[in-house]
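Below: the structure, in structure tokens.
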Amino acid sequence: MSQSQVGLVGLAVMGQNLALNIAEKGFPISVYNRTGDKVDACVARAKEEGNLPLTGYKDLNDFVQSLERPRRVIMLVKAGGPVDATIESLVPHLEVGDFIIDGGNEWYPNTERRAAALASKGIGYMGMGVSGGEEGARNGPSMMPGGPRETWELMKPILSKVAAQVDDGPCVTYIGPGGSGNYVKMVHNGIEYGDMQLISEAYDVLKTVGGLTNEELHQVFTDWNNGSLNSFLIEITAKVFAKRDDQGKGGHLVDYILDQTGMKGTGRWTIIEAAELSIAAPTMAASLDGRFLSALKQERVAASALYGDPTPPSGVDKKQLIDDVSKALYASKICSYAQGMNLIRAASISHDWNLNLGEISRIWKGGCIIRAIFLDRIKKAYDLDANLASLLVNPSFAAELNESQGAWRRVINLAVNTGIAVPGFSSSLAYFDQYRRARLPANLVQAQRDFFGRHTFERTDMAGAYSAMWEE
Ligand code: 2AM
């Protein structure tokens, strides 16, 4: 029997679609799942979708023996315990030189722990972020593999073909050593949280302050998607506003959806990491807080009886508002990405990962949930200066931020006066206003710290550490 070039364990939605994608790109693949019904389903799909070279196995040893050596096993099972359990069951069947790639959203220290344990057995291990959802996995995701470079070299021919393709190559690259692949995917998800929050704030301002209907919102987002905001999330948002209710109640589906947001954890990890590394990440943090507060539906309903509803102003110029909101959204997005990229850089320095921010921006241009025209601009900013301190000081982003400032402030003023929260917009503006300021009120904080705790302070006019006798 001829052997498969690659194996995949874990046939839930992402695993199944990635396996079919790999088979379709011409790499014979063996698949396995703990419970056999998903193996049957995957095999049936491979047949239906063009007799793809995919073989299903229900016995783990048969699965492993069906693979060419060195064996390449991609794993897409639930992060945490299930990954450990799957590794434990696989390892007795593997040999020195074989390797495993975990494609799940794993907490990066777990990947580093497993890689160290498997390295002592001569088995390679990588953690690879995969973004793009079901559709991306099937037709071309963005992939962020991290771990031993030799393992990447062995996977490169397959991953390069399976990934989404953009003008400057496949949306996959060697991210770096250790858990860097998981880390970069984690920050990608934090940025995704930020984008979704900012878009929901744009929606709230346009709907609540501007009184736009769903038909008008559909048109606005469609127009935005044809300009500098062009992105997957803007595109699907336009489509959401067009969707009619599917339960026969009339109206639009979006108006029936409960205003409570779920989450799986990567956004939370991003904020924990940002705090660990002392990187300001207010836009992403605002999105996380937004999700926490959305969960308090009953409390919010009770509180709304005490405080009443927001009161929209009258005589709003809709056309001006739409234009202002698009600028506020874009400017906030620049701040959000600046935070995410700076977090990646801080982790790269702290772990000695030597990450390439331009290359990371490039592989997010296609396949993934945050794919956008905007990412090409970020890549170019890092091409121009690989050591750019912040996207905020790139000349072309700075010109845009200067041009958008008035609109950005007008939108936030309107929202605040109306009584609707725009934490993503306003925390982004606060980030900008602090970063661009030569002198902040931190002098007073230093004075207080020295006053009560003799923490000392530095002076602007003389070198050294000082402490004052604050009271005679
Ligand atoms: P299952 O289909 O047998 O449940 C996503 O849930 C994937 O992770 C599925 O392939 C699922 O297998 C697998 N999975 C979940 N928990 C697991 C565990 N404890 N051990 C092995 N695989 C697990």
Side-chain angles (χ1 to χ4, degrees), residues 4 6-24 27 29-49 52 54-67 71-94 98-111 113-115 117-118 121 123 125-138 141-145 158 162 179 181-182 185-186 188-189 262-269 368-369:
S4 296
V6 58
L8 190 143
V9 178
L11 297 173
V13 174
M14 289 299 280
Q16 219 175 97
N17 283 290
L18 191 65
L20 292 164
N21 179 359
I22 293 170
E24 191 175 65
F27 302 99
I29 185 168
S30 297
V31 298
Y32 171 86
N33 192 68
R34 182 182 59 167
T35 41
D37 51 344
K38 291 198 183 90
V39 176
D40 296 332
C42 191
V43 169
R45 274 188 69 190
K47 196 155 185 247
E48 272 166 34
E49 295 177 26
L52 304 174
L54 179 148
T55 317
Y57 291 88
K58 293 185 181 173
D59 178 276
L60 195 56
N61 189 48
D62 291 347
F63 162 78
V64 172
Q65 297 315 320
S66 74
L67 303 175
R71 301 188 181 93
R72 303 182 261 211
V73 180
I74 299 173
M75 194 173 46
L76 271 156
V77 302
K78 242 191 220 144
V83 169
D84 285 312
T86 305
I87 293 171
E88 205 176 314
S89 62
L90 271 169
V91 164
H93 307 285
L94 296 175
D98 294 346
F99 57 88
I100 301 174
I101 295 160
D102 173 18
N105 276 330
E106 187 56 272
W107 176 229
Y108 75 99
N110 288 344
T111 293
R113 165 177 61 78
R114 291 168 188 144
L118 289 171
K121 298 184 162 79
I123 294 171
Y125 191 79
M126 288 197 116
M128 177 172 78
V130 180
S131 177
E134 184 174 352
E135 199 274 334
R138 179 66 184 85
S142 174
M143 291 177 287
M144 295 148 250
I158 298 178
V162 165
N182 294 135
K185 174 62 174 20
M186 173 193 80
H188 164 286
N189 285 21
M263 73 178 105
K264 283 189 177 163
T266 40
R268 189 198 312 263
W269 293 343
C368 64
I369 303 297

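Atoms within a ligand are numbered from 1 in the order they appear, just like the ligands themselves. FYI, side chains are in, hydrogens and waters are out, and symmetry mates aren't considered; it's all heavy atoms of this structure. None of these values were measured; they are calculated from a predicted model.
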For this session: Taking only Lys NZ, Arg NE, NH1 and NH2, and the carboxylate oxygens of Asp or Glu, determine whether R72 and D98 approach each other closer than 4.0 Å.
Result: no
For this session: Show which atoms of ligand 1 fall inside a sub-4.0 Å distance from at least one heavy-atom site of P82.
Result: 16 (N), 17 (C), 18 (C), 19 (N), 23 (C)
Exercise. Starting from atom 1 (P) of ligand 1, which protein heavy atom do you reach first, and at what distance in Å?
Worked result: T35 OG1, 3.3 Å
Problem set entry | atom 9 (C) of ligand 1 - nearest protein heavy atom and its distance | N33 OD1, 3.9 Å
Exercise. Is there a donor-acceptor pair under 3.5 Å between the side chain of N189 and the backbone N or O of T266?
Worked result: no
For this session: Within a distance under 4.0 Å of any heavy atom of L11, pick out the atoms of ligand 1 and give their elements.
Result: 10 (O)
Problem set entry | K58 and D37 ion-paired at < 4.0 Å | no
Problem set entry | Nearest-contact summary for atom 5 (C) of ligand 1 - protein heavy atom, Å | A12 CB, 3.7 Å
For this session: Quick one: look at V77 and ligand 1, take heavy-atom pairs under 4.0 Å, and tell me if it's side chain, backbone, both or neither.
Result: both
For this session: Run the numbers for me: atoms of ligand 1, each under 4.0 Å from some heavy atom of T86, listed by number.
Result: 21 (C), 22 (N)
Exercise. Relative to the ring of Y32, is the ring of F63 parallel (under 30°), tilted (30 to 60°) or perpendicular (over 60°)?
Worked result: tilted
Seminar exercise, completed: A student checking ligand 1 against G10 at a 4.0 Å heavy-atom cut-off should list atoms 10 (O)
